[in-house]
Amino acid sequence: MYQAKLEECYSLALPKQLRDAVQQTAILLSEGKSVTISATEQELTTEQAARTLGVS
């Protein structure tokens with residue numbers, strides 16, 4: 001776990017996977033790239049995946 005200090009008296013424990021995702025998101029945004037975050041089921045149908053990716 002990674003302890004993120006939010007304010008002087010608050011901290012938040014982040015799992016490594018979440019910390020890595022936040023870090024990668026920050027890197028992409030700093031490079032001027034766009035990032036999309038979407039809540040979905042863990043498994044998608046091929047139709048749902050294609051719609052999410054914008055392909056047919």
Side-chain angles (χ1 to χ4, degrees):
M1 290 283 183
Y2 173 77
Q3 287 291 110
K5 193 170 186 180
L6 302 176
E7 291 184 26
E8 200 167 312
C9 60
Y10 295 101
S11 67
L12 175 66
L14 298 176
K16 183 181 181 324
Q17 285 182 308
L18 179 56
R19 184 199 65 204
D20 292 348
V22 170
Q23 182 179 23
Q24 186 62 35
T25 299
I27 290 168
L28 292 169
L29 291 171
S30 73
E31 294 172 350
K33 297 179 180 167
S34 64
V35 175
T36 302
I37 299 173
S38 175
T40 62
E41 299 295 325
Q42 286 190 348
E43 292 186 21
L44 301 175
T45 66
T46 54
E47 183 179 326
Q48 290 170 319
R51 189 172 43 247
T52 299
L53 295 172
V55 297
S56 55

Original post:
What closest approach, in Å, do Q48 and E43 show between heavy atoms, and which atom pair accounts for it?
Top reply: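 Shortest heavy-atom separation between Q48 and E43 comes out as OE1-O, 4.3 Å.
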**OP:** Grab the two heavy atoms, one from P15 and one from A13, that are nearest each other, plus how far apart they are.
**Re:**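 Smallest interatomic distance, heavy atoms only, reads CD-O, 4.0 Å.
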**OP:** Could you tell me which residues satisfy side-chain contact (heavy atoms from CB on, under 4.5 Å) with S38, sequence neighbours excluded, listed by chain and number?
**Re:**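 For S38 the side-chain contact (heavy atoms from CB on, under 4.5 Å) partners, ignoring immediate neighbours, are T40.
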Identify each donor-acceptor pair in which a side-chain atom of residues 29-37 lies under 3.5 Å from a protein atom, sequence neighbours left out, and give them as a table.
unit_1	atom_1	unit_2	atom_2	d
S30	OG	A26	O	3.4
S30	OG	I27	O	2.7
E31	OE1	K33	NZ	3.3

**OP:** Using a 4.5 Å cut-off on heavy atoms from C-beta on, say whether the side chain of Q17 contacts that of D20.
**Re:**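 D20 vs Q17: side chains apart.
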